[in-house]
Amino acid sequence: MSVDITELVRLRAERPEAIAEAAARRPRRPLLNDSGRLMIVAADHPARGALGVGGNRMAMANRADLLERLCLALSRPGVDGVLATADILDDLLLLGALDGKVVMGSMNRGGLQGASFELDDRFTGHRPEDIERFGFDAGKLLLRIDYDDPGSLTTLESTARAIDDMAARRLPVFVEPFISGRTTEGKVRNDLSAEAVTRSIAIASGLGGSSAYTWLKVPVCDNPDDMGEVMAASTLPAVLLGGEVGDDQDGAYEKWRGALQLPTVRGLVVGRSLLYPADGDVAAAVDTAVGLL
């Protein structure tokens with residue numbers, strides 16, 4: 001669909017209450033449909049200053065273009081919903097693109113990409129009460145743990161309290177854990193070895209006073225053959241994340257295909273690799289990912 005930015009801006013300026021009205025009348029659905037699987041498109045990267053896709057550092061900087069790609073992805077058969085921050089979800093509500101979809105609010109975006117405080121990932125996005133008030137279906141949070149950074153303890157504690165607050169409202173929360181560290185140049189890198197991913201899953205699974213509403217959002221580790229052993233670390237339901245866009249998109253599909261056969265893995269949450277595929281065909285990339293489920 002073509003997004004009319006002028007109309008979106010007019011509504012925001014003249015009738016800001018239209019966003020809450022659209023949320024209130026939005027038809028909802030269960031988190032899981034009859035297949036028990038989830039296909040979610042992610043678009044919460046811009047709020048963390050992560051605008052790049054592949055070699056294009058500003059690919060996600062054009063909001064109209066991003067919204068058009070999201071609307072196209074959400075219209076494809078088998079796509080269950082979207083993960084995004086409030087600004088993007090508000091636009092999608094006004095566009096009517098969230099009717100009958102799973103809507104996941106992104107909760108912590110304070111760890112700006114490339115910042116000295118990147119690992120101090122504070123909760124600057126959706127609060128549990130916001131997700132409840134707007135009738136959204138779940139929340140998502142990012143948990144990066146650096147054993148050399150004492151600030152990781154603050155992130156762990158705030159994550160645990162967010163899990164508690166979501167569980168108190170009986171709202172699912174998808175926790176995306178990593179063991180992370182900084183390179184000699186100071187850049188944050190996530191460790192995708194089997195041992196590190198296993199450890200991150202074990203830590204995330206034990207946070208909060210109840211795990212009843214906790215899901216995991218996990219990467220495929222460096223050696224996809226290790227995923228069976230890695231995912232045995234927890235009984236929490238999990239979805240796979242897409243990660244960075246690479247030249248070998250077919251290889252990424254194969255990695256997801258194998259991991260999706262594991263008993264705890266219930267679906268995919270993928271963003272840039274589907275919204276900005278190398279060949280530019282968003283519909284084909286989304287349809288291929290849906291076919292893996």
Answer with yes or no whether the side chains of T183 and E185 bring together a donor and an acceptor at under 3.5 Å.
-> yes
Distance-minimising heavy-atom pair for S210 and D164 = N-OD1, 4.2 Å
Scan R26, R170, K101 and name whichever one has a salt bridge (Lys or Arg N to Asp or Glu O under 4.0 Å) with D137.
-> R26
Going by an N to O cut-off under 4.0 Å, is there a salt bridge joining R48 and E118?
-> yes
Looking only at heavy atoms, what is the nearest atom pair of L293 and L38, with distance?
-> CD1-O, 3.8 Å
For the student: nearest non-hydrogen atoms of L274 and V282, plus distance = O-CG1, 3.7 Å
For N190 and S180, does a side-chain donor sit closer than 3.5 Å to a side-chain acceptor?
-> yes
Answer yes or no: is there a side-chain heavy-atom contact under 4.5 Å between F123 and S158?
-> yes
Identify whether the distance between the nearest side-chain nitrogen and carboxylate oxygen of E14 and R10 falls below 4.0 Å.
-> yes
R69 side chain vs L275 backbone, donor-acceptor pair below 3.5 Å | yes
Check whether any side-chain heavy atom of L66 sits under 4.5 Å from a side-chain heavy atom of I88, and report yes or no.
-> yes
If you round to the nearest 0.5 Å, how far is CG of L241 from CD1 of I40?
-> 13.5 Å
Pairwise side-chain contact, V286 with P277, heavy-atom cut-off 4.5 Å (strictly under) = no
pair E129-R169: side-chain heavy atoms closer than 4.5 Å | yes
Tell me, with the steps shown, if L51 and R57 meet side chain to side chain contact (heavy atoms under 4.5 Å, CB included).
-> CA-CA 6 Å; L51 299 170; R57 295 181 58 198; over 6 Å; no
Determine whether R63 and D91 make a side-chain contact, defined as any pair of heavy atoms from C-beta on separated by less than 4.5 Å.
-> yes
Within a reach of under 6.0 Å around CD of E21, are more than 12 heavy atoms found that belong to other residues, nucleotides or ligands?
-> yes
Could you go through the side chain to side chain contact (heavy atoms under 4.5 Å, CB included) check for L98 and V82 one step at a time?
-> CA-CA 8 Å; L98 300 182; V82 64; 3.5 Å; yes
Side-chain heavy atoms of T155 within contact of I145, under 4.5 Å = no
Scanning both residues in full, the closest heavy-atom pair of F134 with A23 reads CD2-CB, 3.5 Å
Where do F178 and P219 come nearest, in terms of heavy atoms and distance?
-> CE2-CG, 3.7 Å
Taking everything shown except E7 itself, do over 12 heavy atoms lie less than 6.0 Å from its CD?
-> yes
Does CZ in R29 sit with more than 12 non-hydrogen atoms of other residues, nucleotides or ligands closer than 6.0 Å?
-> yes
Answer whether the closest heavy-atom distance between the side chains of Y147 and R199 falls below 4.5 Å.
-> yes
Smallest separation among heavy atoms of A196 and I179, with atom names = O-CG1, 3.4 Å
Between CG on residue L67 and CG on residue D4, distance to nearest 0.5 Å = 11.5 Å
If we only count heavy atoms from C-beta on, is the L240 to V269 side-chain gap below 4.5 Å?
-> no
With M166, the side chain to side chain contact (heavy atoms under 4.5 Å, CB included) member among T214, V173, V175 = V173
